[in-house]
Amino acid sequence: MTDPSGPDGARKPLIAGNWKMNHDHFTAIQYTQKLSYLLDTHDYELVDVVLCPPFTDLRSMQTTLESDKIPIALGAQNCYYEKEGAFTGEVSPVMLAKLNVSYVIVGHSERRRHFGETDDVVNRKVRAVIANGMTPIACVGETLEEREAGGTDAKVSSQVVNAFDGVKKAEIAGAVVAYEPIWAIGTGRNATPDDAETTIAVIRAALAQRFDPATAEAVRIQYGGSAKPGNAAELMARPGIDGLLVGGASLDPEEFGRIIRYGSS
Ligand code: 13P
């Protein structure tokens, strides 16, 4: 798994671009090179940067990142939980690990909604990702109806505890959680820094209660949902928010580069 701590021992910010079903392997290479020209060593010291392209782009991007020695980590958007076998259309975590994929997004709300992923499936995938030496980015978040009914805390707490069921404490400590309120995804309406911070504290408390406080303190918890250059700095200023999982605003390298450099004025 990846090391969650920065040079001072604190949780190092992690900014990941989830391209969803966008960019083919040609545009992915151009994008990767362009983003790498925009960033310098100092940026990578301050922030861990991850790109999560579609499966078909992974090999080309791996080659580009390794041959050009670009310190951007590769992430996948999903995987299956079995190693191999008769599972037509699925991609195994073993195959991803072979491509030097470091992170795998698991349980994104779009997968839960469009592809029927349950908490049980999410848990199997989290365990498979960890078993293959990669870091899961486990996604949790409430719908607008759940929020309006006062059900946010119960929803995210149960999702996060279920996602890590049966996982060893030391492995959870290196994992990543993304809090993505469903009503904020792709809507242009981000959670306020106050709301994001409050719910992230609830997620951390649920992990502390189910596992232990030290484990919960080590987990990096990102915010996702209409994150963009204009709101990245105020979200990242909150001490509980350890990073961003960016959808639409990660599709353009210049825009994503501005989010990564949220700290430079
Ligand atoms: P947007 O940034 O487009 O709202 O998407 C967020 C997301 O779903 C990242 O996984």
Side-chain angles (χ1 to χ4, degrees), residues 13-23 27-28 31 35 47-55 57-58 72-79 96 101-115 117 121-122 125-126 129 134-144 146-147 152 155-156 159-160 163 175-193 195-196 199-200 203 219-236 238 241-262:
L14 176 78
I15 298 193
N18 172 11
W19 291 355
K20 308 190 178 181
M21 201 171 68
N22 295 287
H23 284 307
T27 60
Y31 176 114
L35 180 62
V47 175
D48 283 340
V49 182
V50 185
L51 290 173
C52 305
F55 288 133
D57 302 358
L58 286 171
I72 294 176
L74 206 48
Q77 298 173 17
N78 179 34
C79 71
L96 296 178
V101 165
S102 307
Y103 296 84
V104 184
I105 299 172
V106 179
H108 192 280
S109 61
E110 288 153 15
R111 298 229 40 100
R112 295 181 192 254
R113 186 164 75 238
H114 301 304
F115 304 98
E117 286 192 11
V121 168
V122 171
K125 291 185 175 187
V126 163
V129 167
M134 298 176 290
T135 300
I137 300 178
C139 300
V140 301
E142 81 287 1
T143 63
L144 190 56
E146 287 163 340
R147 169 160 282 262
T152 301
K155 173 76 178 293
V156 297
Q159 282 183 324
V160 78
V176 178
V177 174
Y179 167 53
E180 298 208 307
I182 295 168
W183 47 270
I185 295 178
T187 57
R189 179 183 163 200
N190 62 286
T192 64
D195 284 346
T199 307
I200 284 176
I203 293 167
V219 174
R220 289 192 283 186
I221 307 183
Q222 299 174 304
Y223 166 77
S226 300
K228 42 189 177 277
N231 60 25
E234 58 174 6
L235 286 160
M236 291 302 296
R238 302 302 175 109
I241 303 181
D242 303 322
L244 301 169
L245 183 55
V246 186
S250 74
L251 293 178
D252 173 63
E254 285 183 11
E255 203 175 359
F256 192 47
R258 290 209 297 281
I259 295 177
I260 294 163
R261 303 187 109 175
Y262 67 89

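All values derive from a computational prediction rather than experimental measurement. In what follows, every heavy atom counts, from backbone to side chain, and hydrogens, waters and symmetry copies are set aside. Numbering starts at 1 and runs along the sequence shown. For ligands, and for the atoms within them, numbers begin at 1 and follow the listed sequence.
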query: Going by heavy atoms, is Gly186 under 4.0 Å from ligand 1?
result: yes
query: Does Gly225 come within less than 4.0 Å of ligand 1, judged by its heavy atoms?
result: yes
So, the side chain of [X] versus the backbone of [Y]: is there a donor-acceptor pair under 3.5 Å, distance only?
X      : Y      : result
Gln222 : Leu244 : yes
Lys125 : Asn78  : no
Arg112 : Gly107 : yes

Proximity to ligand 1 by part of [X], non-hydrogen separation under 4.0 Å:
X      : value
His108 : side chain
Ala184 : backbone
Asn18  : side chain

- request: May I ask you to decide if the ring planes of Phe256 and Tyr31 are parallel, tilted or perpendicular, using 30° and 60° as cut-offs?
  value: tilted
- request: Give, for atom CD1 of Ile185 and atom NZ of Lys20, the distance between the pair rounded to the nearest 0.5 Å.
  value: 5.5 Å
From CD (Glu180) to OG1 (Thr199), nearest 0.5 Å: 13.0 Å
- request: Go through the side-chain N and O atoms of Trp19 and Gln77 and say whether any donor and acceptor fall under 3.5 Å apart.
  value: no
[X] to ligand 1: N or O pair under 3.5 Å?
X      : answer
Leu245 : no
Gly247 : yes
Thr187 : no
Gly248 : yes

statement: of all protein heavy atoms, closest to atom 5 (O) of ligand 1 is Lys20 NZ, 3.2 Å
- request: Identify the protein heavy atom lying closest to atom 7 (C) of ligand 1, giving its residue, its atom name and the separation to 0.1 Å.
  value: Glu180 OE2, 3.1 Å
- prompt: Can you list the atoms of ligand 1 that are under 4.0 Å from a heavy atom of Ser226?
  reply: 1 (P), 2 (O), 4 (O)
message: Do Ile137 and Val177 make a side-chain contact, defined as non-hydrogen atoms from C-beta onward lying under 4.5 Å apart?
response: no
